[in-house]
Amino acid sequence: MEENYFKLLKEYYPSKSDIRNELISLNAKLYLPKGTEYFFSDVHGEAQAFLQLLKSASGNIREKTSIHFGDTLLKEEQDKLCELIYNPKAALHQMEENGELSDNYLTITIHRLISLFRFVSTKYAKNYVRQKFGHLFTDIVDELLYTNDSEFNKKEYYDQLIENIVKYDAAEEFIIKITTMIQRISVDKLHVVGDIYDRGPSPQIIMDELLTFPNVDIQWGNHDVEWMGAVAGNKALVAACIANAISYNNFDMLEDGYGINLRPLYEFAIITYKDDPCELFMPRIFDTNLYDNISSEIAAKMFKAISIIRYKLDGKLIERNPDFNMDDRNFLKIIDFENSTYKGAALKDSNFPTVDPKDPLKLTKMEEAVIEALALDFKRGMKLNRHIELLYENGSIYKIENGSLLFHGCIPLNDDGSLMEVEICGDYYSGKALMDKFDEIARSAFYNNDQKSLDIMWYLFYGKQSPIFGKSQFSYFENIFIEDEALRKEIYNPYYKLSNEEEFADMILDEFGVTGARRRIVNGHVPVKTKKGELPIKAKGKVYVIDGGISKPYQEKTGIAGYTLVFNSHAVSLAEHNNYQSITDQASSYRPNIKEIEVLHPRMLIKDTDEGKNIRQRIEVLEELLERYDNL
Ligand SMILES: O=P(O)(O)OC[C@H]1O[C@](O)(COP(=O)(O)O)[C@@H](O)[C@@H]1O
Ligand SMILES: [Mn+2]
């Protein structure tokens, strides 16, 4: 068997020199500094801020520009160069409109960009940098990057290359290429620790960008699972997605972004709730729609209509899954319609024209038609399906890399800190096994569409013991209908308190087999209220909570605009973004507040990373192949 394996492998290496060649470069690669990893979480549809942070490497490109050109370019010129790097097409277009695109400008700018690219890529192997080239202008970039223009003989050749790029009208295309390369080399790897969807206006734009990003992984958040389950075919989750989106006025995303036709819901809502002002259902507006302007009054009717459908579908799902233990979330079954109360508290609204108190979960014919139409659009929407596929292909419920254990919510714990046993289909799971089981089920929901897995997606979004949700209840019903704070209260799993302590962080890291002197948990989900003195770093530096509130509706609570965790060869640092307006409006000069948390001495090389481990394994196999080569 082993013999056959090496025979097959030999086919990839026509000669022993080919193996030696690869061995030499692999061994050398181990001694390069590790690439820069960026961690974001809870971006919640805020495409503008997220893309700005991604394209600027969270302000790092501005930092590098200032170091590189600090004594030769004015600050305004540096800002302008960064503006071009972050959004080359838009910046070039603007300059053209202003009549500023002279040959002279283009030539100088290409020189500057090449020089900056050389500066930001020095720590990487040529081979690695070349991988970022793409196919256009490859040879020219190669020459410009690795030709020493201070060498007298080459100076003219170098200048000629750039002059001709301009002469043959290739300058703009070339600038777009080189600026994208600067972006790509600055962020080697991107981790998104969940909750791309809900609240903000354009998750679809974030997903479009992630589709083109070469090295990204995603740890599913509860709101991502909601959309994944909806596309897989869970109608209660379809209703949840629509209700959440309408509650934030995100009509452009639904109709223009994802092509979901809201007309059946709209017609049903304006007929059914014609005389109901639906005041409790007014949308919260943070962004205006460009294409799909629906008045708040109509949006409120639509929100109420889909909410009632949602409660009915939730109720049916709860009834067919008694093992979920969610009977206390079956709102329509609990309501006392005669007295208009819920768990003893008065209902703030008791107009339920489509609910039959004797059979409250029964959908009317029209409600059924509405949810059928919506679910079909989720099932068929090409763009939406491509995005959800990416969440599956590049995503998982947790990930371990370079000593970081990444997950969105929590690892369910009991009050005493022991791992909580959670029942799934009659068996009990905890810790790593629990996460692995839920990961497997989430895939089955999408790829097999089996009913139980689809229902468990709903549980993962709202369930009391869901590691991705991690709270006693999701009060979407109570927050609308009930004044009583006690009934609205959402209680966090003990994980959130215990993870302040090193002992529990260590226990969880051990459970997942994360070893080494430097190891850490990175999670999101819980906004860190910096304003109230809360810190994103806990358990003596072993737990990072990086949900800082890039989501606009949350900035008031947190007092800042989010965090990015940056892990390069020198340190693990936290970039604190304290002003949303400056991320988006003064993008070109934007620099966050950066704190180095774990300083790495000596500098971390690829040999010390997980990639290094893989390279060493490769080296071992190749060395053996070399030994056996002549006898195969
Ligand atoms: O302010 P909103 O958008 O209604 O969200 C509040 C709800 O969101 C949740 O916090 C869940 O969303 P997150 O995962 O973003 O925290 C619920 O627990 C809570 O009821
Ligand atoms: Mn979350």
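Atoms within a ligand are numbered from 1 in the order they appear, just like the ligands themselves. All values derive from a computational prediction rather than experimental measurement.
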With sequence neighbours left out, what residues match Asp484 under side chain to side chain contact (heavy atoms under 4.5 Å, CB included)? Ala345, Ile482, Ala486, Leu487

Got a sec, which residues hit side-chain hydrogen bond (donor to acceptor under 3.5 Å, both in side chains) with Lys304, two or more places apart in sequence or on another chain? Asp276, Asp349

Would you say the ring centers of Phe512 and Tyr398 fall short of 6.0 Å from each other? yes

Output for pair (Leu361 CG, Lys316 NZ), nearest 0.5 Å, gives 6.5 Å

Assess the pair Phe39 and Tyr544: is the distance between their ring centroids shorter than 6.0 Å? no

Quick check: does any side chain N or O of Asp224 sit under 3.5 Å from a backbone N or O of Ile196, one acting as donor and the other as acceptor? yes

If you look at each N/O of ligand 1, which protein N/O atoms lie under 3.5 Å away, and at what distance?
{"residue": "ligand 1", "atom": "1 (O)", "partner": "Tyr248", "partner atom": "OH", "Å": "3.4"}
{"residue": "ligand 1", "atom": "1 (O)", "partner": "Arg284", "partner atom": "NH1", "Å": "3.4"}
{"residue": "ligand 1", "atom": "3 (O)", "partner": "Arg199", "partner atom": "NE", "Å": "2.7"}
{"residue": "ligand 1", "atom": "3 (O)", "partner": "Arg199", "partner atom": "NH2", "Å": "3.4"}
{"residue": "ligand 1", "atom": "3 (O)", "partner": "Tyr248", "partner atom": "OH", "Å": "2.6"}
{"residue": "ligand 1", "atom": "4 (O)", "partner": "Arg284", "partner atom": "NH2", "Å": "3.0"}
{"residue": "ligand 1", "atom": "5 (O)", "partner": "Arg199", "partner atom": "NH2", "Å": "2.8"}
{"residue": "ligand 1", "atom": "5 (O)", "partner": "Tyr554", "partner atom": "OH", "Å": "3.3"}
{"residue": "ligand 1", "atom": "8 (O)", "partner": "Arg199", "partner atom": "NH2", "Å": "2.8"}
{"residue": "ligand 1", "atom": "10 (O)", "partner": "Lys471", "partner atom": "NZ", "Å": "3.0"}
{"residue": "ligand 1", "atom": "12 (O)", "partner": "Arg199", "partner atom": "NH2", "Å": "3.2"}
{"residue": "ligand 1", "atom": "12 (O)", "partner": "His223", "partner atom": "NE2", "Å": "2.7"}
{"residue": "ligand 1", "atom": "14 (O)", "partner": "Asp195", "partner atom": "OD2", "Å": "3.2"}
{"residue": "ligand 1", "atom": "14 (O)", "partner": "Asn222", "partner atom": "OD1", "Å": "3.0"}
{"residue": "ligand 1", "atom": "14 (O)", "partner": "Asn222", "partner atom": "ND2", "Å": "2.8"}
{"residue": "ligand 1", "atom": "14 (O)", "partner": "His223", "partner atom": "NE2", "Å": "3.3"}
{"residue": "ligand 1", "atom": "14 (O)", "partner": "His525", "partner atom": "ND1", "Å": "3.0"}
{"residue": "ligand 1", "atom": "15 (O)", "partner": "His44", "partner atom": "NE2", "Å": "3.1"}
{"residue": "ligand 1", "atom": "15 (O)", "partner": "Arg199", "partner atom": "NH1", "Å": "2.9"}
{"residue": "ligand 1", "atom": "15 (O)", "partner": "Arg199", "partner atom": "NH2", "Å": "3.4"}
{"residue": "ligand 1", "atom": "15 (O)", "partner": "His223", "partner atom": "NE2", "Å": "3.2"}
{"residue": "ligand 1", "atom": "18 (O)", "partner": "Lys471", "partner atom": "NZ", "Å": "2.7"}
{"residue": "ligand 1", "atom": "18 (O)", "partner": "Glu490", "partner atom": "OE1", "Å": "2.5"}
{"residue": "ligand 1", "atom": "18 (O)", "partner": "Glu490", "partner atom": "OE2", "Å": "3.3"}
{"residue": "ligand 1", "atom": "20 (O)", "partner": "Glu490", "partner atom": "OE2", "Å": "2.4"}

Geometric cation-pi criterion, Arg488 with Phe477: 6.0 Å, 45°: no

Contact check, side chains of Arg520 and Val543, non-hydrogen atoms, under 4.5 Å: no

Is it true that Lys552 and Asp287 have a side-chain N and a carboxylate O under 4.0 angstrom from each other? yes

Excluding waters, how many protein N/O/S atoms sit closer than 2.8 Å to the Mn ion (ligand 2)? 4

